[in-house]
Amino acid sequence: MRLILLGPPGAGKGTQAQRLVQSHGIVQLSTGDMLRAAVKAETPVGLKAKDIMARGELVPDAVVVAIVSDRIDQPDAANGFILDGFPRTVPQAEALEAMLADKGLALDAVVELKVDEAALLARVENRVREMTAKGEAVRPDDNPEALKTRLSAYRSQTAPLTAYYDGKGMLRTVDGMASIDRVTASIEEVLETAKAAGGRSASAAAAR
Ligand code: AMP
């Protein structure tokens, strides 16, 4: 199973991805997590990304495309993966398509978590409170100013991806405002349908 989770910051992509990892035995490929690890390790990519991320802007496409391509080649991704936070621009989506075709792979589904923007700031504030309570480090971009920039980057650069994947007949939209369990159940339903459709087209192709 190879899928993309789309949705603005605070939509719950990370939470849902972790659940799908458990239920499907696949890996979560979060470009945000990979970039944060690179920043922490002070790699050349990390040094380039650090300030861009803290401001809430997007890291250049070529940088993220290269790290995703390398990550997909790792043995633990062979069984499938969930892309969380990637692609974030139409050029990234095009690069992903070319990259997967090159590797002989294809996506099974693109799932959009649709949320009410007004709720996002509250969700991010809640995440900050929870992390602080657990003694975990708070992300440098989890503050109102950077969140505003992240939301505007989402609107202008990432939201067009819904039309992009809808045009390809791949987009499935789930109500991300429901409870965490309800959202998980809706995603699982969508994946079942995508799997059945994939199986049908595979057997149709075999019959041809
Ligand atoms: P996230 O954890 O997905 O919210 O990502 C945190 C930050 O990492 C973003 O605000 C961007 O600065 C950067 N980032 C993560 N994924 C991407 C991507 N696919 N393209 C560009 N920048 C990204």
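Residue numbers run from 1 in the order of the sequence given. Since the structure is predicted, the reported quantities are computational estimates derived from the model, not experimental observations.
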Answer whether the closest heavy-atom distance between the side chains of [X] and [Y] falls below 4.5 Å.
X	Y	value
Val65	Pro91	no
Glu117	Leu151	yes
Pro87	Tyr165	yes
Leu29	Phe86	no
Leu6	Val111	no
Leu83	Leu3	no
Leu107	Ile4	yes
Ile82	Ile26	yes

Is there a path from [X] to [Y] through hydrophobic residues (I, L, V, M, F, W, Y) whose side chains come within less than 4.5 Å of each other?
X	Y	answer
Val27	Leu100	yes
Met1	Leu113	yes
Leu58	Leu147	no
Val63	Val90	yes
Val21	Val110	no

[X] side chain to [Y] side chain, donor-acceptor N/O pair below 3.5 angstrom:
X	Y	result
Thr89	Gln157	no
Ser69	Lys103	yes
Arg19	Thr184	yes

For [X] and [Y], work out which heavy atoms get closest and say how close.
X	Y	value
Met177	Ala119	CE-CB, 3.5 Å
Ala38	Val45	CB-CG1, 4.2 Å
Ala109	Ala194	CB-CB, 4.1 Å
Val174	Ser186	CG1-CB, 3.7 Å
Ala77	Ile72	CB-O, 3.6 Å
Ala178	Val183	O-CG2, 3.6 Å

Please name all residues satisfying salt bridge (Lys or Arg N to Asp or Glu O under 4.0 Å) with [X], sequence neighbours left out, ordered by chain then number.
X	result
Arg71	Asp76
Glu94	none
Asp70	none
Arg36	Asp33

Any donor and acceptor pair, going by atom type alone, linking the side chain of [X] with main-chain N or O of [Y] inside 3.5 Å?
X	Y	answer
Lys13	Gly7	yes
Thr149	Gly56	no
Gln16	Ile180	yes
Asn79	Gly25	yes

Separation of [Y] [atom2] from [X] [atom1] (nearest 0.5 Å):
X	Y	atom1	atom2	answer
Asp175	Asp116	CG	CG	10.0 Å
Thr15	Arg123	OG1	CZ	8.5 Å
Thr43	Lys48	OG1	NZ	10.0 Å
Met170	Arg172	CE	CZ	8.5 Å
Leu20	Ile187	CG	CD1	5.5 Å
Arg150	Leu120	CZ	CG	10.0 Å

(message) Could you walk me through whether Asp142 and Arg129 satisfy the salt bridge (Lys or Arg N to Asp or Glu O under 4.0 Å) test, starting with their C-alpha distance in whole Å, then the side-chain angles of each, then the deciding distance to 0.1 Å, before giving a yes or no?
(response) CA-CA 11 Å; Asp142 268 348; Arg129 247 194 318 274; over 6 Å; no
(request) Hey, could you give me each pair passing salt bridge (charged side-chain N to carboxylate O under 4.0 Å, His left out) that has a residue in residues 52-69? Not counting sequence neighbours. (result) Arg55-Glu57
(request) Could you name each residue pair satisfying salt bridge (charged side-chain N to carboxylate O under 4.0 Å, His left out) that touches residues 156-171, not counting sequence neighbours? (result) Glu97-Lys168
(request) Decide if atom CD of Glu136 counts as having more than 12 heavy atoms of other residues, nucleotides or ligands within a radius under 6.0 Å. (result)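 Yes, the 6.0 Å shell around CD holds more than 12 heavy atoms from other groups.
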